[in-house]
Amino acid sequence: MTDSHTPTFERFGFSSALLRAIERRGYEHPTAIQQEAIPPILNGDDVLGCAQTGTGKTAAFALPAIEKLTSAELTPEHQLRVLVLAPTRELAVQINDCFEAYSQHTSVRQTVIHGGVGANPQIQRLRKGMDVVVATPGRLLDLLEQGHLSLQTVELLVVDEADMMLDMGFIDDVTKIINLASNRNQTLLFSATLPPEVQSIADNWLDNPKTITVVPDAIPIHLINQSVFFVENINKDLLLIQYLFATPRARTLVFVRTKKDAERVAGNINRVKLEALPLHGNKSQGRRRKAIAAFRSEQAPILVATDVAARGLDFDNISHVINYALPEYPEYYIHRVGRTGRAGAKGEAISLCASHERYYLKQIETLADISIAVREWNFDDFGSFPQLERASQRRRKRKPDDQEAMETDAEQATSDPSWVRGKRKKKKKKKKRQSRVITMDDIKSPSQQSGATGKYAPKKRSLD
Ligand code: AMP
């Protein structure tokens with residue numbers, strides 16, 4: 001039951017068309033960022049919002065933007081009045097989808113502009129007139145330079161994920177775009193973290209902004225079982241794969257540092273017949289879309305992603321988050337693990353921490369005010385793991401001299417260059433692909449097998 005103190009969307013004075021869309025979306029109450037950001041945005045103030053994905057920040061700016069557009073007559077030619085900048089294509093598409101859903105009972109028109117696909121359909125849509133454009137900076141600048149749109153009519157400018165824009169080197173492009181939108185009367189800047197660079201950008205671009213912070217407290221970090229394994233880089237792939245086999249899990253998100261790591265780690269996971277897809281900025285738009293769709297539909301249960309590629313993507317029902325590498329910024333850790341344990345469900349987050357990453361671990365523990373449990377992994381418990389056995393046998397055949405230097409089977413497996421670096425010859429790879437799919441039953445001890453449901457067994461499938 002709603003009592004008089006429970007915040008509602010009605011209290012913002014939204015139009016009935018907007019309230020209907022909100023109800024249809026299933027939102028009952030505004031989230032913390034929405035409660036704090038919507039009134040000043042409606043009031044015309046600049047806002048600096050420090051909020052991460054999952055807090056409802058998209059609606060926090062999209063709902064008042066639509067309300068402002070519809071409270072006055074829309075121009076007959078649907079002049080561009082609201083511009084949203086996002087760092088990645090996926091995020092831009094996601095934001096545009098939100099605008100579409102929230103404005104479904106109004107005549108607001110919106111479109112999304114991003115690279116990686118042909119520009120013509122985007123140009124055609126712009127010609128029809130769009131009240132809202134959600135764009136990534138590169139393609140927007142291309143179309144601006146070619147004269148396909150002008151930012152002179154933009155009233156409200158939103159820069160989303162500003163810290164990611166900085167990380168991705170978009171800052172010059174964003175600055176150009178902001179300068180082109182010189183007639184705007186309101187600027188909103190959202191960022192998951194507020195490093196000094198973002199703060200100084202905010203100082204330059206925003207006029208006396210209201211600052212709103214809803215991280216990291218809003219993330220129920222106490223609902224997440226967190227632990228760390230101290231393991232050097234050379235053994236991380238092996239530990240990860242053994243862990244994936246040994247752990248009953250639903251959707252699993254593995255965070256890596258670089259695009260190369262994403263490819264290699266996903267490749268190694270696939271090599272043992274667990275289905276993983278890499279997600280990073282070098283993938284074509286089509287492949288990224290397929291990877292996201294496959295992960296969302298649980299066809300591909302493991303996604304190996306960089307922070308940049310996964311940022312802003314709204315996935316729910318993630319049972320496990322694995323930090324293959326610890327993030328440089330402690331806030332990123334909170335954003336990563338915050339993707340599990342949502343909606344009151346107990347999530348699991350593990351981190352693989354090499355000695356050079358202990359400093360990052362300390363920073364995380366300080367920021368989140370937690371002490372992450374240290375766990376030991378016994379590689380030898382997985383001696384009957386067929387693929388890894390075969391990898392180490394191949395290595396023994398090829399490099400008998402090196403064998404003596406190795407202490408355990410596990411170390412032998414990881415030190416196989418074809419295993420760790422994924423340089424196995426194509427012919428051999430094809431042969432392996434034909435081998436039987438390994439299920440959880442294959443790796444569970446007899447005592448565990450009675451409870452095995454097979455639910456988490458990897459499915460044999462191909463994506464492309
Ligand atoms: P965001 O932080 O914008 O990526 O939103 C995260 C998720 O929260 C999305 O699935 C939204 O649809 C959902 N959401 C946003 N606002 C609300 C709300 N007031 N109540 C429930 N869910 C919401």
Side-chain angles (χ1 to χ4, degrees), residues 2 5-14 18-39 41-42 47-67 82 84-104 110 112 132 134 158-164 188-193 212-220 251 253 292-293 295-297 305 307-318 321 331-332 334-345 347:
T2 305
H5 300 295
T6 313
T8 62
F9 283 101
E10 280 82 3
R11 75 167 199 179
F12 299 126
F14 285 155
L18 198 50
L19 288 173
R20 252 194 300 156
I22 293 168
E23 196 185 337
R24 190 141 184 211
R25 194 85 176 179
Y27 303 167
E28 288 178 7
H29 310 291
T31 63
I33 182 90
Q34 291 161 7
Q35 286 175 49
E36 291 199 47
I38 291 174
I41 297 175
L42 287 173
V47 166
L48 171 60
C50 187
Q52 62 124 28
T53 199
T55 54
K57 74 178 159 64
T58 314
F61 63 78
L63 293 173
I66 295 167
E67 180 64 28
V82 175
V84 183
L85 297 179
T88 65
R89 303 157 194 181
E90 288 79 13
L91 188 56
V93 168
Q94 202 167 279
I95 296 170
N96 188 58
D97 289 348
C98 286
F99 268 94
E100 229 166 68
Y102 303 146
S103 67
Q104 61 183 295
Q110 60 277 306
V112 61
V132 181
V134 184
V158 184
V159 181
D160 197 13
E161 305 281 358
D163 53 349
M164 220 17 110
L188 316 176
L189 191 142
F190 289 87
S191 191
T193 57
I212 295 163
T213 304
V214 294
V215 288
D217 309 343
I219 298 169
R251 271 189 278 195
L253 196 48
I292 292 164
F295 188 61
R296 280 214 171 108
S297 66
D307 284 298
V308 173
R311 176 66 77 84
L313 293 177
D314 180 32
F315 299 123
D316 51 14
N317 270 338
I318 289 178
V321 167
E331 292 92 340
Y332 284 14
I334 295 169
H335 305 153
R336 287 177 180 188
V337 305
R339 288 166 176 280
T340 181
R342 286 199 186 165

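Just so you know, ligand 1 is whichever comes first in the structure, and atom 1 is the first atom listed for that ligand. Both backbone and side-chain heavy atoms feed into the values below; hydrogens, waters and symmetry mates do not. Everything numeric in this text was worked out from a predicted model, so none of it was measured.
For Arg25, every heavy-atom contact with ligand 1 shorter than 4.0 Å involves the side chain, none the backbone. With a 4.0 Å heavy-atom cut-off, ligand 1 is reached by the side chain of Phe9 but not by its N, CA, C or O.
The aromatic rings of Phe61 and Phe99 sit tilted relative to each other, their planes meeting at an angle between 30° and 60°.
Atom CD1 of Ile318 is separated from atom CG of Leu253 by 4.5 Å, given to the nearest 0.5 angstrom. Atom CD of Gln110 is separated from atom CG of Asp97 by 9.5 Å, given to the nearest 0.5 angstrom. Interatomic distance, CG of Leu19 versus CD of Glu67, reported as 8.0 Å (0.5 Å rounding). Atom CZ of Arg336 is separated from atom CG of Asp307 by 4.0 Å, given to the nearest 0.5 angstrom.
Not a single N or O atom of Glu28, backbone or side chain, sits closer than 3.5 Å to an N or O atom of ligand 1. Considering backbone and side-chain atoms together, Gln94 places no N or O closer than 3.5 Å to any N or O of ligand 1. An N or O contact shorter than 3.5 Å links Gln34 to ligand 1 by distance. For ligand 1, the polar-atom distance check finds no N/O of Pro30 at less than 3.5 Å from any of the ligand's N/O atoms.
Thr31 places a side-chain N or O within 3.5 Å of a backbone atom of Thr55 that can act as its donor or acceptor partner.
Atoms of ligand 1 found under 4.0 Å from any heavy atom of Thr31 (numbered from 1 in listed order, with element): 17 (C), 18 (C), 19 (N). Remark: ligand 1 atoms within the under-4.0 Å shell around heavy atoms of Thr58 are 1 (P), 3 (O), 4 (O). Less than 4.0 angstrom separates some heavy atom of His29 from each of these atoms of ligand 1: 18 (C), 19 (N), 20 (N).
The side chain to side chain donor-acceptor pair (under 3.5 Å) check on Gln104 picks up Arg24, with sequence neighbours excluded.
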